[in-house]
Amino acid sequence: MGIGEGTGFVLLALLGGALLTHGLERWVGPPERGPALPVSLSCGTVLPNADRWLFPAGPIVGFMGVLLGTVVLPFGPDLVARDLGIGVFYFIVVIDFVVLGVALTGWGANTPGAVESCYRIVAQLVAYVVPLGLAYVGAIMMAHSLSTTRIVEAQSGLWFIVLQPIGFALYVVSGLMQSYRHPFLEPFADGIGGGILSVVGGWSALLWRIALAGVLFLVAAMGAVLFLGGWSGPWLPPPVWMAVKTYALMALMLWLGRLARPLSTAEMLALSWRVLIPVGLANVLVVGILILLHVGPG
Amino acid sequence: MSVAGIVEIIAFASSAFIAVAGALGMATTMSMFRSAIFLMASFMGVAGLFILLSADLLGLLQILMYIGGMLVMALFMVLFMPDPGGAMMAAMPEMMTPIGRFFSLGLLPENSHAAAAEMSGAHAEHDTHADHGGGHGTHARHQDAEHQRGRERKEGDDAHGGGDHHAHGAQGGSHGMGHMDMSDMSMVTPVRAWAAWLAVATGCVIVGLLVLRPSWPVSSALPDPRSADQVGSLLMDKYMVGFEAAGFLILIGIVGAVLAAHSGQHPDHRDREARVAVNAPPPPIEADFLEPLSQPLRDDDKCSPAPDGGHANHHAGGEGPT
């Protein structure tokens, strides 16, 4: 796939995914709070005290992170923009640009709610990044590869959700934390006026809308790749299977997230250190034992 | 020249430019937060160079380290520095070099005269938080008054000023804007000129070495696309003892930090409990199957109920410049 086709494919995947994600947030049940707060696309904001370099950089950096993350998502055996050898690791890294973008926008906007949003999202990054990595490690160990297509091919016999249900549960929780959805929407909480969403308008609101919907889409798509067998499935063409699994996982995550009450940042950190990280380490241990017992793909 | 070659040259030039310009901006800008971001950009430029050299794992590792690590570091710096946003220093362009002036563009509020009037008024008028985050926090409050949307914004303001408050308390409670030691609150240090000349000299020496020693060994071997595998094998095989020992050391550091920061070990300032991580309980959900909380999230009741009460008092002094 050439550079032009790849860029077009990535943009198309991201925009389509973000649009459908936005719809899913609206249509299923009561509207989501947090990142799905409505923002005004038709009018800008006047921030006389903004840092006029950092503030406009924020949405661009956040959008860029989501755009880069789409590159390694496989929608079919050959339908991947770039099958990097270290694809999953690349994905983990570039998604962090969303946090950087929120921090830039929040600090740059220089309003109390936005600056608080910056603080909270960095604390949330500290909370989710280790358990999320441990959830990835289980799938990587079984597939013997960091490449997303190799991970999907390794699940041709049995999906990893069957072999590592603990890892899947861990991924759902920490993935929700990474996409800032319901129980973990502290950076965009109502108490601070939606955080950075209270200061964006016009083009920056559009970019944040796509980026925040795109994060949920990417997290669900990567979950489908890691645990649900990606594009593989009978009868239907591969991209359809990938989309079905992605949106099923997304609906599951949004639904499960609404069963819990919103957690504060401190509670998120406590949850991460007291529950998620030990569970993740136990999952890695179990997966290691399974591999030694020759369970799963050879 | 092929398209790939041109793309490679463009990628190299932009990476190198980001690395150098980021370093320059880091050393000269007046905003501490912007400085951290510039440093991050500089490291990302270096990561781009790594990726161009086919060391993609190393480049990505560098980006991973510096996004998370640098942001956390920037937040700690914001807690301890009086003027993290740099708006106050940017108002004094005569103290800056031309490069610093360029990298501090856009820091000054657009209505800087009104803000300066408010700053001086606020300073003369109240004593509890004249130090509201230096320029940054003061302007935030000013802006808040202008763009009041009827939302709760007090927590953010409070968190912004909170750290600065304690920094000043540690310095003996002198929180006047005007009579503060300037060298404490900016990158302006007496040795800056020396440091700049030293940097220029070092750069000259390095470039001179590159130019005067033309016989660099050039290998025609292609880089291995499976370098990540090899790094992993080396870490878990040849260098396993060192790798695990480093991990163990970090673990000891974490345990030590947790023990040192354990609440109750060190009697804190009374305000600190109240200001750090003040969180009003989040709004209840309608379709919630779980039992409600049997007790408030924090047991000191002076911050959990009615987030309006305490903060409104706290802000009353600052909002009315007279």
Side-chain angles (χ1 to χ4, degrees), chain A residues 3 29-30 33 45-55 57 84-86 89-90 92-94 96-97 99-100 103-104 107-108 110-119 122-123 125-126 129 146 182 185-186 189-195 198-199 258-267, chain B residues 7 31 33-34 37 40 56-57 60-61 63-64 67-68 71-72 74-75 78 85-87 105-107 109-111 115 136 139-144 146-147 149 151-160 225-229 277 279-290 293 297 307:
Chain A
I3 285 183
R33 306 302 298 165
T45 52
V46 180
L47 296 165
N49 306 301
D51 185 329
R52 288 186 290 285
W53 282 17
L54 299 188
F55 181 63
L84 293 176
I86 51 171
F89 180 64
Y90 164 87
I92 296 176
V93 171
V94 295
D96 279 356
F97 276 108
V99 178
L100 177 59
L104 288 178
W107 181 267
N110 204 354
T111 67
V115 173
E116 179 75 16
S117 186
C118 160
Y119 294 169
V122 175
L125 169 79
V126 175
V129 79
L146 285 164
H182 188 267
L185 44 71
E186 192 75 339
D190 289 344
I192 53 172
S198 66
V199 294
R258 288 186 189 183
L259 298 186
R261 67 176 174 80
L263 298 182
S264 75
T265 307
E267 286 170 321
Chain B
V7 169
S31 160
F33 195 89
R34 205 184 255 194
I37 299 297
M40 197 191 293
D56 44 3
L57 181 71
L60 284 177
L61 266 177
I63 296 177
L64 177 74
I67 290 183
L71 277 176
V72 173
L75 291 199
V78 165
L105 283 180
L107 286 177
E110 273 160 8
N111 50 357
H136 210 81
H139 298 321
R141 221 174 49 242
H142 180 64
Q143 198 271 344
D144 197 18
E146 277 192 0
H147 295 270
R149 297 184 186 188
R151 286 174 171 150
E152 297 289 338
R153 290 187 165 173
K154 283 133 187 148
E155 295 164 62
D157 201 4
D158 202 39
H160 204 147
R226 295 174 59 82
S227 62
D229 293 12
N279 260 318
I285 333 165
E286 281 77 20
D288 193 350
F289 306 149
L290 302 172
L293 280 176
L297 300 177

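Chain naming here is simple, since letters A, B, ... match the order of the sequence lines and numbering starts at 1 in each.
Atom-to-atom distance recorded for A:L84:CG and B:D56:CG is 7.5 Å, nearest 0.5 angstrom. To the nearest 0.5 Å, atoms CG (A:D96) and CG (B:L60) are separated by 11.0 Å.
Both the backbone and the side chain of A:L100 come within less than 4.5 Å of a heavy atom of chain B. Only the backbone of A:A50 comes within less than 4.5 Å of a heavy atom in chain B; its side chain stays farther off. Contact annotation for B:I37: only side-chain heavy atoms (C-beta onward) come within less than 4.5 Å of a heavy atom of chain A. Residue contact with chain B, scored on non-hydrogen atoms closer than 4.5 Å, involves the backbone and the side chain of A:A103 alike. Proximity to chain A involves both the backbone and the side chain of B:L64, based on heavy atoms less than 4.5 angstrom apart.
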Discussion item. Between B:F33 and A:D51, is the side chain to side chain contact (heavy atoms under 4.5 Å, CB included) condition met? List the steps.
Written reply: CA-CA 10 Å; B:F33 195 89; A:D51 185 329; over 6 Å; no
Fill in: Trace of the side chain to side chain contact (heavy atoms under 4.5 Å, CB included) decision for A:W53 with B:L107
CA-CA 8 Å; A:W53 282 17; B:L107 286 177; over 6 Å; no
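Qualifying side-chain contact (heavy atoms from CB on, under 4.5 Å) partners for B:A228, counting only residues two or more places apart in sequence or in other chains: A:I86, B:L57. Taking the ring-ring contact (aromatic ring centres under 6.0 Å, His included) definition, one finds that A:F55 meets it with nothing, sequence neighbours left out.
Chain B forms more heavy-atom pairs under 4.5 Å with one residue of A:V93, A:L146, A:I92, A:V129 than with any other, namely A:V93.
Closest non-hydrogen pair, A:L125 versus B:G68, comes out as CD2-CA, 3.7 Å. Of all the heavy atoms in B:R34 and A:R52, the pair that sits closest is NH2-N, 4.3 Å.
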